[in-house]
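Here the structure comes first, spelled out in structure tokens, and everything after it is commentary.
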Amino acid sequence: MVLQNIWFFLWGLLWAIFFMTDGFVFGMGTMYPFLGKTEEEKRIMINSVGPLWDGNEVWLITAGGVTFAAFPAVYATMFSTLYTPLMLILFALILRGVSFEFRSKVDSPKWKRVWDTTIFIGNFAPALLFGVAFANIFQGIPFDENGIFQGTLITLLNPYGLIGGVVFLLMFIVHGSLWLAIKTEGDLQARAIQTGKRLWPVMAGAIVVCLIASAVFTDLYDNYLANPVLFLILVLAVAGLLGIKVFMGKEAWFKAWGCSCLSIVGVTFFGVAGLFPRLYPSSINADLSLTAHNASSSPLTLKIMLVVVVIFIPIVLAYQTWAYKLFSGKVTEEDLSHEEAY
Amino acid sequence: MDVLMLSRLQFAAATMFHYLFVPLTLGLSILVAIMETKYVRTGDKVYLRMTKFWGKMFLINFALGVVTGITLEFQFGTNWSRYSAYVGDIFGSILAIEATAAFFLESTLLGVWIFGWKKLSAKAHATVMWLVAGASSLSAVWILIANSWMQHPVGYVIRNGRAELTDFFAVVTNEFAILMILHTLAGAYVLSAFFVMGVSAYHLLKKTDDDFFTKSFRMALVMGVIFTIFVAVEGDIHGKDVTQKQPAKLAAMESLWETQTHAPVYMFAWPDEENERNVIEIMPIPGLLSLLGHGSFDAEVQGLKDFPKDERPPVLIVSMAFKGMVGLGTLFIFLTLFGLWKRDKLQEYPLYLKIMMFAIPLPYIANELGWVLTEVGRQPWIVYGVMKTSDAVSPILQSQGAISLTAFILIYGLLGAVGFYLIYTAAKKGPEETEA
């Protein structure tokens, strides 16, 4: 029981880290066609995430991997019932990855235009779809006793699902704009800051709507009412949100970005804590819901995986932090002149 | 087509496409690391140029390998959910370990390598490439441990309606896995060696930069000679293990129908699965299969008729894949040995260089055939003797499977064409006259 609960927490944590790290890449890519006015600005935007995006994406592989390892039944039901949205996310991520790598390899405006389009789609679509998918999970997915999905892609595009999609998208865009504020200079930086400042109230509004809608469409608050201490998560998320605003005002971009990280983790955990112990609730029949207690791996596997995660995740965090530090500072013209640059 | 067939085709397409890029990543990362180390040690600029030239192709190839790899992890859940739920306790944990312990390092450090030329000392930068190479091979090791468990499951018990782990150590030290890891890595190194030798051969014929490409060719040649021979010797041991653990696969590989002692190997045989016989049998070598499978001419080898019809793999595909792989492997040994013999005067043998140039696709074919043999030869099982492929598929709609398969073919077709174009152009263009 304890082991399963620890794994429930780790499951949420890994997804949250994925949203926090890859989120600013999604945001950058969504703003890319609108903020990058010149070829140089476009390249600066791509190169601002160049050395880091691939490592960030592995958090998704790991989040998926531990879902498979610790909660195989959840992995099986989640991935097969969300078949269509996951395929769309997959194709988007495939396009995104090759776009970054391929765009700079041929010096032709036509060639670059193709990859400019896929960079946008490849970042925009996952940002939106992950939000839609998770909101639907918070709300419950219509799957029956055989794990068969009783609906279509349209079923997922319900009001709460769409609110979730918009919240994720806005959070990632603000996250990305703060990243660009850290990494760029001049006009591009000014446009990124302007975008962040203009979107902040919209994002905050969307989050408030989402929190209210959660009371209408989901039973996430049941856990909060039973354990009021959980409201601390919401406090953290809101503190993160306000922190973004405060530090944007002080032009302390790195601190604002840090607060944005906090708010993304906070919002993710708002849902995850409300879900507990359910990982994948069925909206058809609550008894079919997959929980940390009825869908987990054997105690032996959970123990082995815990050892693996306790050893390796800190190591991963250490070398990723090292990489972030190594590539800190503004992306300069000199950076773009390297033949390896994107 | 039903969901099962669509899912099988999709998995085959996604895996085979992914595997067009994996072997070169595994081998070329090591060669590039050696080149960069030589540059650091000697300060000779030619090694720096080699690092950059081959590194460029490595990166294009790597990108395609990474993005197509995500598909494979997703697909176990999307298309094979019953399999995932049944074996996730073991199989899922191995995949998760791969991501945590290997793939993270590989992906994070590759970014550091690409963008870190000016930010790290030369020595540190070369070390990063070694770590990328090591993590790539380590990643392959974990994936192969997972696959081997499907071939020869160990360390588990059927409990609570699924396979549960009982002995982690047995899973990671599975003899089948060790043999498969050695075989697969060696096959990947052969492919990488032939890639570098083939591209170098083109430039040696063109006389682009003799010093540069002679050095490249000879470096790859060492890798080629070692691993073409290694893969054959190891393949023999691997074959004996398959004979013990997957007798139906072995019988299909050799299209052997009757259980017999002094079992022959046919140079060529065309099986007729309907009538349980071979239509064509050319040049039987009596007793060779007994010898190869069990180490003695009079050992008994199980034929296909020993297995119920619904527990036999498709004989034609498996036997052709096996013969093709072995035939190509033999050719590779001759090609590398000739290169070794004439290593000091390669330019005097333009025909050999031309052959090496056109030989680039051959190890790709051999590697793919190896996987066809491994995976199709395991059928009808998804986990040998434990779970059938037909019981493993997700309860998705036929239209979902059909649309995603079509989308995969379109997107992968385009990506493949673009990737090929980029690598081809970079290879043909030759090295830059680097500044720094």
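Values below: all heavy atoms of this structure, side chains included; hydrogens, waters and symmetry mates excluded. Proteins come first, then strands; the chains are lettered A, B, ... in the order of their sequence lines, and each starts at number 1.
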[X] side chain vs [Y] backbone, donor-acceptor pair below 3.5 Å:
X      : Y      : answer
B:D391 : B:M387 : no
B:S139 : B:A135 : no
A:N294 : A:L290 : no
B:W142 : B:F103 : no

Using non-hydrogen atoms and a 4.5 Å limit, figure out which bit of [X] sits close to chain A: side chain, backbone, both or neither.
X      : value
B:T425 : neither
B:L120 : side chain
B:L422 : side chain
B:I114 : both
B:V66  : side chain
B:W113 : neither
B:F408 : both
B:I60  : both
B:I411 : side chain
B:Y421 : side chain
B:L414 : neither
B:A407 : both

Measuring heavy-atom distances to chain B, does [X] have an atom under 4.5 Å in its side chain, in its backbone, in both, or in neither?
X      : answer
A:V316 : side chain
A:E101 : side chain
A:Y342 : both
A:V106 : side chain
A:W322 : side chain
A:T81  : neither
A:F149 : neither
A:L52  : neither

- request: Among A:I89, A:V98, A:L60, single out the residue with the greatest number of heavy-atom pairs under 4.5 Å to chain B.
  value: A:V98
field: Among the listed options B:F104, B:Y83, B:F168, the residue most often paired with chain A at heavy-atom distances under 4.5 Å
entry: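 Between B:F104, B:Y83, B:F168, the count favours B:F104.
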query: Quick one: of B:I90, B:V87, B:L397, B:I97, who has the most non-hydrogen atom pairs under 4.5 Å with chain A?
result: B:I97
- request: Over 60° means perpendicular and under 30° means parallel, so classify the ring planes of B:Y156 and B:W149, tilted if in between.
  value: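 Perpendicular.
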Answer yes if the side chains of [X] and [Y] hold a donor-acceptor pair under 3.5 Å, and no otherwise.
X      : Y      : result
A:T118 : A:S99  : yes
B:S107 : A:E57  : no
A:T84  : B:Q400 : yes

field: Trace of the salt bridge (Lys or Arg N to Asp or Glu O under 4.0 Å) decision for A:D335 with A:K183
entry: CA-CA 12 Å; A:D335 291 325; A:K183 300 294 289 183; over 6 Å; no
task: Can you sort out the partners of A:S282 under side-chain contact (heavy atoms from CB on, under 4.5 Å), two or more places apart, ordered by chain and number?
output: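 With sequence neighbours excluded, A:S282 shows a side-chain contact (heavy atoms from CB on, under 4.5 Å) to A:F143, A:I284, A:L288, A:S289, given in chain and number order.
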query: Going through the distances and angles, do A:D116 and A:R103 end up as a salt bridge (Lys or Arg N to Asp or Glu O under 4.0 Å)?
result: CA-CA 8 Å; A:D116 284 348; A:R103 189 183 180 278; 2.6 Å; yes
query: Taking atom NZ of B:K119 as the centre, does the number of heavy atoms from other residues, nucleotides or ligands within less than 6.0 Å exceed 12?
result: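 Correct, the count exceeds 12.
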task: Evaluate whether atom CZ of B:F420 has more than 12 neighbouring non-hydrogen atoms of other residues, nucleotides or ligands under 6.0 angstrom away.
output: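 Count not over threshold, so no.
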statement: In this structure, CG of A:L90 is separated from OG1 of B:T78 (nearest 0.5 Å) by 8.0 Å
